[in-house]
Amino acid sequence: MKDGQKTLYSAVQPTNNLTIGNYIGAIKNWVSLQDDYNCYFAIANMHAITVRQNPAELRQKTLSLLALYIACGVDPEKCVLYVQSHVPEHAELCWVLNTFTYVGEMERMTQFKDKSARHADNINMGLMDYPVLMAADILLYQADIVPVGLDQRQHLEISRDIAQRFNNVYTPTFTVPEGLYMKVGAKINDLLNPDKKMSKSAENPNGSIFLSDDKDTVIRKFKRAVTDSGSEIKYDPENKPGVSNLLSIYSVFTGKTVAEAEKDFTGKGYGDFKLAVGEAVADKLVPLQAEQAKLLADKEYLNGVLLSGAETAHKTAARTLSKVYKKIGFYQI
Ligand code: TYM
């Protein structure tokens, strides 16, 4: 922990296969911020069970996500990496915050409405309570900033509302967190349907690039990506959503600005462009996958990271929860 530094919090659910949207919108930014903040990065397995999971797969994906965090460059020596269910304060604070959240607000959440439509046979209370658990995650650590993709903005806003509501009823208790959304890549879109976000659970897997895709698959998917009418390779999300999405991806994976990316393709056709984007992505994914596999072979090391992460996280979380219990009048021994 670094004294005097602000706190940063974020998490990913260990569900399905992660896409380059998760990497660009979240994990990649964590790496560039880890030296400047006290960072907590969780594996949100309690959020994951709001949709039915296969238990063996959930266990395996939990460890695999930890290995991915580290393979992407998130340093366990600098950051607290832990599994959400290892720190019981998340569920405990969630319960308290439930009493500061209105049913109507939760019913209006876009993700709740989307997931309810997709899982109509299992619209469980957890699915509806999902944003409150997310608020508990963030507020337990008194996070100042939360780097996430734009799809999480509504959840972040409700976390701020809940924090403010609690602070107003009692005395200031929670830091009110700010969302951090990157200029390029806060919303990576589906390759076949560039008006929709790229998703882990997309119906057609050809529209998503999974971090586990091999080089041939990556190239094949980019070759099939939808482009727009006209032939110019220009960043114009309104009129050229397909091309603009590909330019964002290229820019992030090559470290170039969008303007530099556009220059790389002046006078070139869509075919060359799509191949170049595919190659830029595959060149990064292949070593990332090798590193993740190497880490996964050392379960003892990964377990050690999680044990120490849970211990540190628990200390901070317990401090906040105790403050909250005191304020609301829970008798403590
Ligand atoms: P999850 O697992 O759905 O996604 C993880 C992160 O990836 C971002 N993301 C994207 N960014 C850009 N383009 C995309 N197409 C794209 N798809 C996903 C998400 O915005 C997110 O940052 N509820 C969260 C996990 C969570 C959390 C938290 C996050 C639980 N507690 C506390 C922050 C703070 C989620 O489901 O992320």
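The basis for the numbers below is simple: all heavy atoms, side chains too, and nothing from hydrogens, waters or symmetry mates. Indexing begins at 1, ligand by ligand and atom by atom, following the structure's order.
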*Do me a favour and list the nearest non-hydrogen protein atom to atom 28 (C) of ligand 1 with residue, atom name and distance?*
Met134 CG, 3.4 Å

_Only heavy atoms of Val12, strictly under 4.0 Å: list the atoms of ligand 1 that pass._
2 (O), 5 (C)

*Option nearest atom 29 (C) of ligand 1 (shortest heavy-atom distance, choices Ala48, Pro131, Ala11)*: Ala11

*Can you tell me how far the CD atom of Glu203 sits from the CG atom of Asn193, to the nearest 0.5 Å?*
10.5 Å

*Go through the side-chain N and O atoms of Thr171 and Lys327 and say whether any donor and acceptor fall under 3.5 Å apart.*
yes

*For atom 7 (O) of ligand 1, what is the nearest protein heavy atom, given as residue, atom name and distance?*
Asn22 ND2, 3.1 Å

*asked:* Side chains of Glu89 and Tyr141 only: does a donor on one sit below 3.5 Å from an acceptor on the other?
replied: no

*Between Ile24 and ligand 1, which residue portion shows a heavy-atom distance shorter than 4.0 Å: side chain, backbone, both, or neither?*
neither

*Where is the nearest protein heavy atom to atom 37 (O) of ligand 1: which residue, which atom, and how far?*
Gln152 NE2, 3.9 Å

_Check for me whether Asp137 has a heavy atom closer than 4.0 Å to any atom of ligand 1._
yes

_Presence of salt bridge, Glu105 and Arg108, under 4.0 angstrom_ = no

*contact_flag Lys200 ligand 1 heavy-atom lt 4.0 Å*: yes

*Indicate yes or no: does Glu232 engage Lys240 in a salt bridge with an N to O separation below 4.0 Å.*
no

_Between Tyr9 and Tyr37, ring centroids under 6.0 Å_ = no

*List every atom of ligand 1 that sits less than 4.0 Å from any heavy atom of Ala26, numbering the atoms from 1 in the order shown and giving each element.*
6 (C), 7 (O), 22 (O)

*asked:* Check the orientation of Tyr69 and Phe41. Use parallel for under 30°, tilted for 30 to 60°, and perpendicular for over 60°.
replied: perpendicular

_I need the atoms of ligand 1 closer than 4.0 Å to a non-hydrogen atom of Ala44, numbered in the order shown._
30 (C)

*Do His90 and Tyr82 make the cut of ring centroids closer than 6.0 angstrom?*
yes

_With heavy-atom distances below 4.0 Å as the criterion, list the atoms of ligand 1 near Val146._
33 (C), 34 (C)

*Between the side chains of Asn16 and Ser201, does any donor sit under 3.5 Å from an acceptor?*
no

_Tyr250/Phe265 aromatic ring centres below 6.0 Å_ = yes

*For atom 3 (O) of ligand 1, the option (of Met182, Gln13, Met46) bearing the nearest heavy atom*: Gln13

*Can you check whether Val148 has an N/O within less than 3.5 Å of an N/O in ligand 1?*
no

*State the atoms of ligand 1, each with its element, that fall below the 4.0 Å cut-off from a heavy-atom position in His47.*
30 (C), 31 (N)

*Ligand-residue contact atoms, ligand 1 with Ala186, heavy atoms, under 4.0 Å*: 11 (N), 12 (C), 13 (N)

*Less than 4.0 Å between a side-chain N and a carboxylate O, is that true for Lys197 and Asp151?*
yes

*Backbone or side chain, does any N or O of Gly149 fall under 3.5 Å from an N or O of ligand 1?*
yes

*Which segment of Leu133 sits under 4.0 Å of ligand 1 when only heavy atoms are counted*: neither

_Chi angles and distances behind the side-chain hydrogen bond (donor to acceptor under 3.5 Å, both in side chains) call for Glu311, His314_ = CA-CA 5 Å; Glu311 210 176 292; His314 165 69; over 6 Å; no

_I'd like to check whether Ile188 has a polar contact with ligand 1, where a contact means an N/O of the residue lying under 3.5 Å from an N/O of the ligand._
yes

_Taking distance alone, with N or O pairs closer than 3.5 Å, would you say Asn189 contacts ligand 1?_
no

_Phe166 and Phe100 aromatic ring geometry - parallel, tilted or perpendicular at 30°/60° bounds_ = tilted

*Would you say Gly185 touches ligand 1, if touching means a heavy atom closer than 4.0 Å?*
yes

_If you compare all heavy atoms of Ile49 against all heavy atoms of Leu58, which two are closest, and at what distance to 0.1 Å?_
CG2-CD2, 3.8 Å

_Pairs of nitrogen or oxygen atoms closer than 3.5 Å, one from Asp151 and one from ligand 1: do any exist?_
yes

*asked:* So, regarding Gly21 and ligand 1 (criterion: nitrogen or oxygen to nitrogen or oxygen, under 3.5 Å), is there a contact or not?
replied: yes

*Would you say Tyr130 and ligand 1 have an N/O pair spaced under 3.5 Å apart?*
yes

